[in-house]
There are 2 protein chains.
Amino acid sequence: MPHVISQKHQRAWRSFLTSQSLTTNMLDSRLRKAGQISLDIYEVLSTLEDAEGHRLRMSDLAETILFSRSGLTRMIDRLEEVGYVVREPSPDDRRGWFAVVTPEGIKARHTACEIVQQGLAEVWVEALSEEDADKISALLEQVCGRAKNAAK
Amino acid sequence: MPHVISQKHQRAWRSFLTSQSLTTNMLDSRLRKAGQISLDIYEVLSTLEDAEGHRLRMSDLAETILFSRSGLTRMIDRLEEVGYVVREPSPDDRRGWFAVVTPEGIKARHTACEIVQQGLAEVWVEALSEEDADKISALLEQVCGRAKNAAK
DNA sequence: GCAAACTATTTCCAAATACAACTAATTTAC
DNA sequence: GTAAATTAGTTGTATTTGGAAATAGTTTGC
């Protein structure tokens with residue numbers, strides 16, 4: 001058995017996977033119990049809300065939230081049905097569409113935000129100092145860069 | 001908009017989600033391209049391999065890898081079909097079953113291990129020193145504890 | 001010792017997923 | 001200027017999923 005990576009790195013990877021699942025499951029189940037949007041939808045709406053003009057091209061949105069394109073198509077279908085998002089054609093490129101958050105979408109995200117932030121505060125903020133958070137961000141952004149390259 | 005958690009913590013959470021997805025997608029797609037087991041299966045087989053007697057009760061396994069029970073039932077069905085796992089009844093409790101890795105399962109995991117460790121080495125080991133890894137493990141294990149409690 | 005409450009696992013069902021094939025528009029090359 | 005290659009997005013299909021109901025076995029209370 002080749003030990004390319006150290007025990008310490010193995011352990012870090014494991015705690016990373018586990019803490020991620022536990023945290024997102026917790027957030028998701030609280031949202032569900034409160035009858036609110038799922039965490040996935042929360043991500044979509046937040047991303048759109050942060051974007052210039054509250055809109056993003058389908059492919060850019062998919063890339064940002066790391067969704068498959070077909071997955072995003074159908075996610076946006078569902079969000080359009082409930083009125084949280086609308087599609088608008090791109091003026092530049094007639095193949096392209098923007099997904100745009102509506103005011104209802106913003107409101108729904110905003111309501112859910114309380115639960116999400118509360119949950120993160122309990123689990124994350126208590127465990128990590130500001131400096132820890134800062135350091136981890138820097139490290140993990142490195143990891144992101146490497147992972148993107150490694151993906152070819 | 002309530003700012004329960006700081007910008008730094010927000011950023012840490014975001015980089016955390018992103019680095020996780022990018023890394024697991026990378027590992028999974030390399031495994032797929034090499035015609036090997038998926039990362040999920042890798043987790044199952046590793047967990048069983050590490051366990052006493054290469055076996056674990058269905059519910060314990062589900063809890064360890066954070067799978068739903070129905071999901072695990074079907075995962076083990078599939079693994080049994082390809083001969084990587086067998087089910088054995090619990091001698092103590094006639095409701096209970098053990099999932100047991102077979103030698104073929106161990107071999108398949110072992111082969112995949114090269115790709116997984118190689119991928120992690122590129123992305124993870126390069127970005128994190130041993131001390132970083134150590135520190136992160138400690139912090140994230142705290143997060144795990146808190147998330148378990150917070151889940152109720 | 002037996003009914004009620006509980007636990008382990010599976011099955012049912014309705015969603016959600018990913019990949020590949022498809023349609024339509026744009027860019028490139030000559 | 002047009003055929004070939006590329007890109008944006010959607011649809012088709014087969015697989016996977018998670019929750020709730022169902023099944024079978026165990027423990028508790030009296």
With 3.5 Å as the limit, what N/O pairs link the protein to nucleotides 19-22 of chain D?
from	atom 1	to	atom 2	distance (Å)
D:dG19	N7	B:Ser70	OG	3.4
D:dG19	O6	B:Ser70	OG	3.0

Polar-atom pairs under 3.5 Å, protein N or O versus N or O of nucleotides 22-24 of chain C: list them with distances, or write none.
none

With side-chain contact (heavy atoms from CB on, under 4.5 Å) as the criterion, how do A:His54 and A:Ile106 come out once you've worked through the C-alpha distance, each side chain's angles and the decisive distance to 0.1 Å? CA-CA 10 Å; A:His54 287 174; A:Ile106 290 176; 3.4 Å; yes
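Here the C1' atom of nucleotide C:dT10 and the CZ atom of B:Phe98 are 18 Å apart, to the nearest Å. Atom CZ in A:Arg69 sits about 17 Å away from atom P in C:dT17, given to the nearest Å. Taking atom CG on A:Asp92 and atom P on C:dT27, their separation rounds to 10 Å, with Å as the unit. When the C1' atom of C:dC19 is taken as reference, atom CG of A:Leu72 falls 16 Å away, rounded to whole Å. A straight line from CE of A:Met75 to P of D:dT11 spans 17 Å, rounded to a whole angstrom. Distance A:Asp60 CG to D:dT7 P: 14 Å, rounded to the nearest Å. The interatomic distance linking A:Ile37 (CD1) with C:dA15 (P) rounds to 19 Å, in whole Å. Between B:Asp77 atom CG and D:dT17 atom C1' there is a gap of 14 Å when expressed in whole angstrom units.
Between B:Arg14 and A:Glu43 a salt bridge is recorded (basic side-chain N to carboxylate O distance below 4.0 Å). Ionic pairing of B:Arg57 and B:Glu63 is not present here: no N-O contact between side-chain nitrogen and carboxylate oxygen is shorter than 4.0 angstrom.
B:Thr102 and B:Gly83 get closest at one heavy-atom pair: OG1-O, 2.7 Å. Heavy atoms only, all atoms of each residue included: A:Leu61 and A:Ala99 are closest at CD2-CB, 4.2 Å.
Using a 4.0 Å heavy-atom cutoff across all strands shown, B:Ser59 reaches sugar-phosphate atoms only and no base atom. Here B:Asp40 lies in heavy-atom contact (under 4.0 Å) with sugar-phosphate atoms only.
Distances shown here put a side-chain N or O of A:Arg87 below 4.0 Å from the OP1 or OP2 atom of D:dT10. At least one side-chain nitrogen or oxygen of B:Arg78 sits closer than 4.0 Å to the OP1 or OP2 atom of D:dT16.
Distance check: A:Leu45 CG to A:Ile37 CD1 gives 5.0 Å after rounding to the nearest 0.5 Å. Atom CD of B:Glu104 is separated from atom CG of B:Leu79 by 12.5 Å, given to the nearest 0.5 angstrom. With rounding to the nearest 0.5 Å, the separation of CE in A:Met75 from OG in A:Ser68 is 10.0 Å. Taking OG of B:Ser29 as the reference point, atom CD1 of B:Ile115 lies at 10.0 Å (rounded to 0.5 Å).
Between A:Phe16 and B:Trp124, the two ring planes are tilted [angle within 30° to 60°].
Summary for the helix from C:dG1-D:dC30 to C:dC30-D:dG1: the axes at its two ends, each from 5 pairs, differ by 30° when rounded to the nearest 10 degrees.
Of the listed nucleotides (C:dT10, D:dG9, C:dA8), C:dT10 has the atom at the smallest distance from the side chain of B:Met58. Taking only side-chain atoms of A:Phe67, from C-beta outward, the nucleotide of C:dT10, D:dG9, C:dT17 with the closest atom is C:dT17.
The side-chain contact (heavy atoms from CB on, under 4.5 Å) test with B:Arg55 is passed by exactly one of B:Val100, B:Val85, B:Val86: B:Val100.
Side-chain atoms of B:Gln118 and B:Glu122 form a donor-acceptor pair, as typed in the model, at a separation below 3.5 Å.
Heavy-atom nearest nucleotides on DNA chain C were determined for A:Leu66 and for A:Asp93, and the one closer to the 5' end corresponds to A:Leu66.
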